[in-house]
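Remarks on the structure that follows.
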Amino acid sequence: MQKLNFKLLPLLFFILVSTYANAQTYGVSDIPIVEGTDTLLNAYAGGFNTPQFSAIDLNNDGIDDLLIYDRTAKVAVTFLNEGTPNQVDYTYAPEYMERFPQGTKNFMLARDYNCDGIKDLFYFNQPFGSSGGIGVLKGSYNTDNMITFTEEIEVLKYDHMGNGFLQNIFIYNPDLPSLADMDGDGDLDITAFTLDFIYSRNIFYYKNMSAEKGYGCDSLLMELGHQCWGLVSEIGTNGAVLISPSIDSCAGNEFWSPRSTPPPSTNNGEPRHTGSALTAVDQDGDGNMDMIMGDVSVNFLNLMNTEEISDTLLVNTQDSTFPSYDVSTNIFSFPAAYILDVDNDGKEDMIAAPNETFPSEAVTDSVAWWYKNTSSTNEMIFQFQQKDFLINSMIDLGHNASPAFFDYNADGLIDLVVGNIGYCQTDGSYVFGLHLYENIGTSTAPAFELVDQDYGGLSSLQLYDMHPTFGDLDNDGDEDLLFGENDGSLYYVENTAGAGNTATWGTPIADYANIDPGDKSTPQFFDLDDDGDLDIICGEANGNINFYENDGSNTFSSTPTSQTIGFIDINTFGSGESAPHFAEVGGELQLFLGHMQGGLINMNNITGNILGTYDTLSMQWENVYNGLYSKVATADLDGNDTLEVVIGNVRGGFGIYSLVKPEEPDTNNDTTIVNIMNISSINTTVNLFPNPAKDILNISFEQMPNHPVDFRIYNPLGQLLIENQANLSDRLFSMNVQNLSQGIYILEVHSRDHKEFIKFNIQH
């Protein structure tokens with residue numbers, strides 16, 4: 001089994017390398033969730049805070065399915081479309097999620113740039129040492145007709161001066177660029193704001209020269225087409241733009257030149273750009289691309305309609321409260337528009353959603369506004385339908401979800417209590433409270449119903465980010481409540497009901513036992529030292545795990561017995577906000593550790609070693625990733641002697657997974673599992689060529705290695721296929737790959753002082 005090697009940890013959450021021994025398997029739970037009179041169709045999809053919508057055929061059946069990338073959670077979520085005409089007909093399909101790069105930030109949009117009928121992936125990519133830009137993954141289907149991607153372009157570049165000098169297409173951190181054919185020549189162009197002192201308020205048009213150079217639409221050969229698309233400029237903070245009084249080119253127009261005196265009707269003459277989302281669309285059907293823009297700190301969308309005058313595309317009108325002819329979009333902050341057919345009627349609709357990561361994502365009635373396209377012509381006419389598109393079919397508790405299991409009514413069925421940061425209101429305030437999901441099923445077939453959104457009346461405390469845990473601390477036969485909150489304080493609430501009765505809660509005791517583990521405390525009641533009483537294990541913002549030992553009389557010292565449980569400090573590799581949960585799995589004590597970067601770390605070698613170093617079973621338990629800020633709880637809900645695992649996430653939702661006992665545990669299985677679709681591109685110290693390779697893969701070092709280097713090649717299942725070693729004198733090393741089948745692989749470059757993983761392709 002593998003120890004947690006902190007020297008390698010900065011890479012692990014992007015390349016997700018794990019070693020499994022005696023691995024459990026899991027199944028996504030189908031336990032029903034009822035809210036009001038509805039059984040939620042997509043209960044465990046996880047909620048959404050800042051969703052970005054793309055149509056994409058996930059299973060090669062000719063029907064566009066749905067990709068939703070949540071910017072806050074850094075997760076790509078997938079839904080299959082049954083394709084029923086004139087109906088919204090999506091079903092959560094988590095089996096496709098790991099086909100997409102998870103953990104990437106800012107944006108992810110699906111577009112078919114090479115006209116092969118398969119959507120490709122454009123996403124924000126930031127190789128080490130780079131300011132970041134647009135990465136491109138090429139789409140294809142595997143033998144099971146599942147979408148798959150191979151890296152095409154690490155960071156998309158453009159010819160800045162038309163002389164072959166290439167530089168990255170810059171994308172501001174909060175921005176959403178537009179990816180569309182702007183000039184009608186069949187290839188994909190890009191419009192975005194960019195880092196330019198003089199023109200930072202203007203939309204830059206990056207023209208794809210693929211068609212002009214005779215390649216059709218199969219390439220991304222970008223040049224700077226215009227520094228002032230539409231001849232408009234951002235002004236103020238009201239979401240409107242200033243329309244140029246002249247059709248002169250940007251560079252020769254005095255209107256755009258640096259100036260000390262602002263032009264009329266602007267609030268200042270200085271460059272301004274703090275965040276914009278652009279969506280190009282021919283809204284009026286005249287053949288010219290228009291633009292829908294959302295801005296940070298603005299509630300409305302602005303539609304800019306264009307006309308062509310003397311070969312210049314000019315914005316001639318704007319609707320700064322679009323669509324003002326119907327219900328204007330009124331997103332809490334920084335709206336973005338997405339154009340796709342969501343109801344299978346053959347016409348593209350509009351979804352509007354927030355793009356600002358905090359706090360607007362928690363305003364649940366502003367997360368996804370659906371406007372149906374009701375036009376019978378080429379013009380798009382959007383009619384408002386609802387503010388909670390798809391959100392109404394899933395659990396969404398606003399921001400964050402912290403689950404705990406507890407039989408609140410003593411009926412023998414385990415219920416579920418979930419804390420959260422809260423529901424953000426349109427005035428920026430929060431509504432707090434614990435959510436109680438009562439188990440209304442049976443001992444073998446559980447089902448949950450939301451029966452209380454302020455369980456215990458704890459909203460009166462005005463605390464957010466409550467993380468509950470339950471246990472019989474005072475040994476009176478009922479389970480008491482302990483919860484942590486944002487400033488790190490622990491609150492204890494005694495259950496005074498007695499054994500066999502529905503819980504009755506006493507007065508909350510603040511600053512319980514004067515324990516203060518640190519901000520964002522995440523306690524668990526658990527008898528870690530196996531002495532018959534409940535201890536307190538508590539994670540916190542800095543990432544370490546605190547152990548407060550019960551002295552035998554149900555009292556605790558404010559000083560932890562240990563702050564280094566398992567010798568785990570996830571803050572050392574860029575994470576934090578540890579959320580520990582100990583549980584017995586198949587007769588063995590294990591630790592499931594949630595954290596800021598999402599997923600679960602799974603560890604064992606705990607019994608008899610509680611203050612020692614634990615072993616790492618997996619850095620990403622069962623490869624489950626639902627977004628950032630994971631919190632976990634376990635219980636046997638169906639009486640089959642195996643656990644259900646519930647994982648909360650930053651999107652305000654949770655998933656439930658059922659562990660399955662392996663029929664014959666393989667005690668000799670040390671296979672390294674490499675999840676290649678979750679590997680982000682990194683700045684490598686070696687170069688691979690050719691890539692794609694056919695027979696020989698050449699590996700060249702940028703600098704001579706200091707130690708012998710091992711090369712290992714893994715297939716998409718994470719199995720080691722080829723292993724070789726280079727001598728210190730080898731500046732160039734070649735590996736024979738002719739026996740590898742066509743597809744994507746991972747090369748591991750490993751020496752005593754260095755380790756990295758690089759994706760490459762085989763094409764025969």
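Quick note: numbers below take in every heavy atom, side chains included, and nothing from hydrogens, waters or symmetry partners. Bear in mind that the values here come from a model prediction, so they are computed numbers and not experimental data.
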Problem set entry | Between CE on residue M466 and OG1 on residue T522, distance to nearest 0.5 Å | 15.0 Å
Problem set entry | Aromatic plane relationship, F79 with Y92 - under 30° parallel, 30 to 60° tilted, over 60° perpendicular | tilted
Seminar exercise, completed: Heavy-atom nearest pair, S521 first then G488, reads OG-O, 3.1 Å
For this session: Say whether, by atom type as modelled, one donor and one acceptor occur between the side chain of E577 and the main chain of Y629 under 3.5 angstrom.
Result: no
Problem set entry | Short side-chain to backbone donor-acceptor contact, T444 and D638, under 3.5 Å | no
For this session: Output the distance between atom OG (S575) and atom CG (L593), rounded to the nearest 0.5 Å.
Result: 8.0 Å
For this session: Would you kindly say whether E748 and Y714 are connected by a side-chain donor-acceptor distance under 3.5 Å?
Result: yes
For this session: For the pair D511 (side chain) and N514 (backbone), establish whether a donor and an acceptor sit closer than 3.5 Å, ignoring hydrogens and angles.
Result: no
Exercise. So, does R651 use its side chain to make a donor-acceptor pair with the main chain of N626 at under 3.5 Å?
Worked result: yes
Exercise. Is the backbone of L637 close enough, under 3.5 Å, to the side chain of E644 for a donor and an acceptor to pair up by distance?
Worked result: yes
Exercise. If you round to the nearest 0.5 Å, how far is OG of S557 from CD1 of I515?
Worked result: 8.0 Å
Exercise. Is the backbone N or O of I565 less than 3.5 Å from a side-chain atom of Y614, with the two atoms forming a donor-acceptor pair by type?
Worked result: no
For this session: Could you check if a side-chain atom of V645 sits within less than 4.5 angstrom of a side-chain atom of V632, using non-hydrogen atoms only?
Result: yes
Problem set entry | Heavy-atom pair of closest approach, residues G47 and D396 | CA-OD2, 3.6 Å
For this session: I would like to know whether I440 and F448 meet side chain to side chain contact (heavy atoms under 4.5 Å, CB included); could you show each step before the answer?
Result: CA-CA 6 Å; I440 58 173; F448 292 106; over 6 Å; no
Problem set entry | Sub-4.5 Å side-chain heavy-atom contact between L600 and S630 | yes
Problem set entry | Minimum side-chain heavy-atom gap L434-P468 below 4.5 Å | yes
Exercise. Between Y492 and Y512, is the ring centre distance below 6.0 Å?
Worked result: yes
Exercise. Going through the checks in order, is the side-chain hydrogen bond (donor to acceptor under 3.5 Å, both in side chains) test met by D454 and S459?
Worked result: CA-CA 6 Å; D454 184 19; S459 64; 2.6 Å; yes
For this session: Sorted by first residue and then second, give each side chain to side chain donor-acceptor pair (under 3.5 Å) pair with at least one member in residues 404-419; sequence neighbours left out.
Result: Y408-E438, N409-D411, N409-E438
Exercise. Rounded to the nearest 0.5 Å, what separation is found between the OG1 atom of T39 and the CD1 atom of I33?
Worked result: 9.5 Å
Exercise. If we only count heavy atoms from C-beta on, is the D529 to N550 side-chain gap below 4.5 Å?
Worked result: no
Problem set entry | Gap between atom CG of D615 and atom CE of M603 - 0.5 Å precision | 7.0 Å
Exercise. Aromatic rings F406 and F470: how do their planes relate, parallel, tilted or perpendicular, breaks at 30° and 60°?
Worked result: parallel
Problem set entry | Any side-chain heavy-atom pair of I545 and C538 under 4.5 Å | no
Exercise. Does D636 reach the main-chain N or O of D641 with its side chain, forming a donor-acceptor pair under 3.5 Å?
Worked result: yes
For this session: Answer yes or no: is there a side-chain heavy-atom contact under 4.5 Å between N420 and H399?
Result: no
Exercise. Would a 4.5 Å heavy-atom cut-off, applied to side chains only, mark S489 and D516 as touching?
Worked result: no
Exercise. Do I601 and I570 pass the side chain to side chain contact (heavy atoms under 4.5 Å, CB included) test, and can you show the C-alpha distance, the side-chain angles, and the key distance before you say yes or no?
Worked result: CA-CA 10 Å; I601 299 171; I570 55 177; 3.9 Å; yes
For this session: Tell me, with the steps shown, if E485 and Y464 meet side-chain hydrogen bond (donor to acceptor under 3.5 Å, both in side chains).
Result: CA-CA 6 Å; E485 51 97 22; Y464 69 96; over 6 Å; no
For this session: Start with the C-alpha distance between N604 and E588, add both sets of side-chain angles, then the distance that settles side-chain hydrogen bond (donor to acceptor under 3.5 Å, both in side chains), and finish with yes or no.
Result: CA-CA 8 Å; N604 68 352; E588 176 188 54; 2.9 Å; yes
Problem set entry | Pair H581-T634, side-chain donor/acceptor within less than 3.5 Å | yes
For this session: With side chain to side chain contact (heavy atoms under 4.5 Å, CB included) as the test, would you mind laying out the steps for I647 and F654 before giving the verdict?
Result: CA-CA 5 Å; I647 306 174; F654 56 81; 6.0 Å; no
Problem set entry | Pairwise side-chain contact, E449 with Y437, heavy-atom cut-off 4.5 Å (strictly under) | no
Problem set entry | Side-chain (D70) to main-chain (T50) donor-acceptor, under 3.5 angstrom | yes
Problem set entry | Exercise: identify the closest heavy-atom pair between P403 and L416 | CB-CD1, 4.1 Å
For this session: Mark yes or no for whether N542, through its side chain, and N544, through its backbone, hold a donor-acceptor pair below 3.5 Å.
Result: no
Exercise. Taking atom types as modelled, is there a side-chain donor on H595 or S578 under 3.5 Å from an acceptor on the other?
Worked result: no
Exercise. Which heavy-atom pair separates G598 from Q620 by the least distance, and what is that distance?
Worked result: O-OE1, 3.9 Å
Problem set entry | Residue pairs, two or more places apart or on separate chains, that pass salt bridge (charged side-chain N to carboxylate O under 4.0 Å, His left out) and touch residues 531-552 | none
For this session: Indicate the atoms forming the closest heavy-atom contact of G539 with P580, along with that distance.
Result: N-CD, 3.5 Å
Problem set entry | Y491-F483 aromatic ring centre distance below 6.0 Å | yes
For this session: For I68 and P51, work out which heavy atoms get closest and say how close.
Result: CG2-CB, 3.5 Å
Exercise. Looking just at side-chain N and O atoms, do T72 and N49 make a donor-acceptor pair shorter than 3.5 Å?
Worked result: no
For this session: Give a yes or no on whether the backbone of A447 and the side-chain of N439 come within a donor-acceptor separation of less than 3.5 Å.
Result: yes
For this session: Check step by step if side chain to side chain contact (heavy atoms under 4.5 Å, CB included) holds for N106 and Q126.
Result: CA-CA 11 Å; N106 295 343; Q126 189 170 11; over 6 Å; no
Exercise. Side chains of Q597 and K74: do they bring a donor and an acceptor to under 3.5 Å?
Worked result: no
For this session: Kindly compute the distance separating OG1 (T496) from CG (D480), expressed to the nearest 0.5 Å.
Result: 9.5 Å
